[in-house]
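Computed from a predicted model, the values in this text were never measured in an experiment.
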Amino acid sequence: MTLSQPATAVPPYANNFFLARQPILNRQQRLVAYELLFRTAAERNNASFIDHTEATATVIAHASELGMGRVVGDQMAYVNVDTVGLMSDFINFLPTDKVILEILESVKATPEVLERVQELKLAGFKFALDDVVAESDDVRKLQPLCDVIKIDIKDVRPGALSTLTRGLRHPRQKLLAEKVETMEEFQQCLALGFEYFQGYYFARPVILSGKKIAPSQLTILHLLDLLSQDADTQAIERSVKHDALITLNLLRLVNTPAVGARYRINSVGHALVVLGRRQLQRWLQILLYVKSGQQHEFTSPLLQLATTRGKTIELLMEKLRPGQRVCADIGFTVGIMSLMDTLFSVHMKDVLNSVNVLDEVRSALLHHSGDYGSMLSLIEHLETDSDGQSLSRMLHELQLSPSELYAIQLAAFDWVNDYAHGMQ
């Protein structure tokens, strides 16, 4: 799917919101859900917030109108609700089979709230209890009605996480660790029995001294070098044939509906012609993130994040530099390469020494400089809890509106979902 200007239907209130997805992983570090976060793009102080009823109604309408399958693919969506949201009729617009309602810590367990949660459970909704940092009357009353208990590991009193976990553990509920930012924190929470994990620990590079890039990955990087140098087709074919795994994956790819071949293709040369160089380059960049023998490639959070970054920057470049196909392809490369230090467990400069890239790509990846670097910074801020004012400023510098970014995000999510289904 190629989009010069994403023709995505954007609700009018998209001008006031930024959409962010935060991945939720299981114990095997596979992607199982996203928490959807909607932050206001307006620059407001605390005294000028719109009332909670309007805010909650807008967020729920925003989430339901997107179509959850577009935003989260095959995963579940966690959507925050406050007391007003719980009690409102707006909540019925959300699909019960795709959404887990996340009860905010501000919600008090009044008889009316408890009755409403029971009613929504009977209607098919599942619930998570958000930001638990200690046991309390509200937690004790709401816990039996929830399917997931989210513990904010950063705000739990030092040394109290183990005791709190034991007190909250229940066979009918899953514990989710929020704000897991390092591999050490993940290992600690894993040992404490948490089932789910939220945070970007999986995307943080853990540099291993003396670590070398695997031979199969070096082969892919060599192929990417050949493509960047516009090598002849025979040289590319010879390089592909030297690696049985790449050959097998290439033939598998060109014989899927995603590529659209009319009849079965069994030769490497024919496969390269059908795929074309641009698609071959893209596929190789994605293949770097796929482990040998991995069954469900697109449940890898690192692969999901890298491909989404790549497609988003590509579409941003198409918007800002219409008709400049090369710039869009460079944008995809910047996005998908931005996590290769994590993938390989080596410094980014060592990754870039293994493959020939343009100076613009190198500057963006090492220093976040230039237009590509600015776009990468924007996406990284979207992924985290950056405030709306910072995001508004970054968009202003790129001369983009929140609604334009929103349309591009949806188009990128669509492309990644389509690609994932085509590879299954």
> R140 and D137: salt bridge (charged side-chain N to carboxylate O under 4.0 Å, His left out), yes or no, with the steps?
CA-CA 5 Å; R140 279 188 282 271; D137 286 342; 3.1 Å; yes

> Is any side-chain heavy atom of R30 less than 4.5 Å from a side-chain heavy atom of S300?
yes

> Taking side chain as C-beta onward, heavy atoms only, is M348 less than 4.5 Å from M337?
no

> Cationic tip of R21 within the cone over Y34's six-membered ring, i.e. under 6.0 Å and within 45° of the normal?
yes

> Is H396 close to R393 at the side-chain level, that is, under 4.5 Å between some pair of heavy atoms?
no

> Quick one, L120 with I91, criterion side-chain contact (heavy atoms from CB on, under 4.5 Å). Give me CA distance, side-chain angles, the key distance, then yes/no.
CA-CA 9 Å; L120 291 170; I91 212 161; 3.8 Å; yes

> Where is the tightest heavy-atom contact between S216 and D243, given as atom of each residue plus distance?
CA-OD2, 4.1 Å

> Do the charged groups of E383 and R309 touch, with an N to O distance under 4.0 Å?
yes

> Assess whether salt bridge (charged side-chain N to carboxylate O under 4.0 Å, His left out) is satisfied between K319 and E404, documenting all intermediate values.
CA-CA 9 Å; K319 178 69 178 177; E404 288 171 327; 3.5 Å; yes

> Would you mind reporting whether F127 and L145 have side-chain heavy atoms less than 4.5 Å apart?
no

> What are the two closest non-hydrogen atoms of I236 and L223, and how far apart are they?
O-CD2, 3.8 Å

> Could you tell me which non-hydrogen atom of K311 sits nearest to which non-hydrogen atom of A412, and how far apart they are?
CG-CA, 3.9 Å

> Does D329 come within less than 4.0 Å of R282, counting only side-chain N to carboxylate O?
yes

> Is I213 close to S354 at the side-chain level, that is, under 4.5 Å between some pair of heavy atoms?
yes

> Identify whether the distance between the nearest side-chain nitrogen and carboxylate oxygen of R169 and E195 falls below 4.0 Å.
no

> For D341 and V346, work out which heavy atoms get closest and say how close.
CB-O, 3.2 Å

> Is any side-chain heavy atom of L343 closer than 4.5 Å to a side-chain heavy atom of Q217?
yes

> Working to the nearest 0.5 angstrom, can you tell me the gap between K141 NZ and K108 NZ?
10.5 Å

> Mind checking the CD-CZ spacing from Q118 to F125? Nearest 0.5 Å is all I need.
15.0 Å

> Mind running side-chain contact (heavy atoms from CB on, under 4.5 Å) on S374 and E397 for me, showing each step along the way?
CA-CA 9 Å; S374 296; E397 290 171 357; 5.7 Å; no

> CG/L391 to NE2/H381 distance, rounded to the nearest 0.5 angstrom?
7.0 Å

> Report the C-alpha separation of L36 and M68 in whole Å, then their side-chain angles, then the decisive distance to 0.1 Å, and conclude whether the side-chain contact (heavy atoms from CB on, under 4.5 Å) test is met.
CA-CA 10 Å; L36 300 185; M68 283 302 173; 3.7 Å; yes

> How far does CZ of R204 sit from OG1 of T342, to the nearest 0.5 angstrom?
8.5 Å

> Is the shortest heavy-atom distance from the side chain of L164 to the side chain of R157 under 4.5 Å?
no

> So does I151 get a backbone contact from the side chain of K179, meaning a donor-acceptor N/O pair under 3.5 Å?
no

> Begin with the C-alpha distance, continue with both residues' side-chain angles, and end with the deciding distance and a verdict on salt bridge (charged side-chain N to carboxylate O under 4.0 Å, His left out) for K150 and D131.
CA-CA 6 Å; K150 299 183 70 175; D131 278 348; over 6 Å; no

> For residues I246 and W283, report the shortest heavy-atom separation together with the two atoms involved.
O-CH2, 3.7 Å

> Distance under 6.0 Å and angle within 45° of the ring axis: does R27 meet both against Y196?
no

> Could you work out, with ring-ring contact (aromatic ring centres under 6.0 Å, His included) as the rule, every residue matching F197, not counting sequence neighbours?
F186

> Show the numbers, then the answer: is there a side chain to side chain donor-acceptor pair (under 3.5 Å) between Q285 and T333?
CA-CA 8 Å; Q285 290 168 328; T333 296; 2.9 Å; yes

> For Q229, look at atom CD and say whether over 12 heavy atoms of other residues, nucleotides or ligands are found less than 6.0 Å away.
yes

> Compare all side-chain heavy atoms of E181 with those of Y201 and state whether any distance is below 4.5 angstrom.
no

> For K211, is the NZ atom crowded, meaning more than 12 foreign heavy atoms sit under 6.0 Å from it?
yes

> Mind checking ring-ring contact (aromatic ring centres under 6.0 Å, His included) for F202 and listing every partner two or more places apart, or none if nothing turns up?
Y200

> Which heavy atom of E102 sits nearest a heavy atom of D130, and at what distance?
OE2-OD1, 2.8 Å

> If we ignore hydrogens and angles and just use 3.5 Å, is the side chain of Y372 paired with the main-chain N or O of M317 as donor and acceptor?
no

> Can any side-chain N or O of Q173 pair as donor or acceptor with the backbone N or O of Q143 at less than 3.5 Å?
yes

> Taking the basic N atoms (NZ, or NE/NH1/NH2) and the acidic carboxylate oxygens, is any pair closer than 4.0 Å for E314 and R278?
yes

> State whether the side chain of Q198 and the backbone N or O of Q22 hold a donor-acceptor pair below 3.5 Å, judged by distance alone.
no

> Run D147 and K126 through salt bridge (charged side-chain N to carboxylate O under 4.0 Å, His left out) and show every step you take.
CA-CA 6 Å; D147 304 274; K126 292 184 177 179; 5.6 Å; no

> With a 3.5 Å distance limit and no angle check, can you tell me whether H347 reaches the backbone of K349 through a side-chain donor-acceptor pair?
no

> Could you tell me whether D371 and R321 make a salt bridge, using a distance below 4.0 angstrom between a side-chain N and a carboxylate O?
yes

> Check for a donor-acceptor pair, side chain of T308 on one end and backbone N or O of L305 on the other, with a separation under 3.5 Å.
no

> Please test E35 against N80 for side-chain contact (heavy atoms from CB on, under 4.5 Å), starting from the C-alpha separation and ending with a verdict.
CA-CA 8 Å; E35 179 177 355; N80 293 338; 3.2 Å; yes

> What distance separates L395 CG from L400 CG, expressed to the nearest 0.5 Å?
6.0 Å

> Is it true that, when you exclude D97 itself, more than 12 heavy atoms of the residues, nucleotides or ligands shown sit nearer than 6.0 Å to its CG?
yes

> At what distance, to the nearest 0.5 angstrom, does CG of L303 lie from CG of L339?
10.0 Å

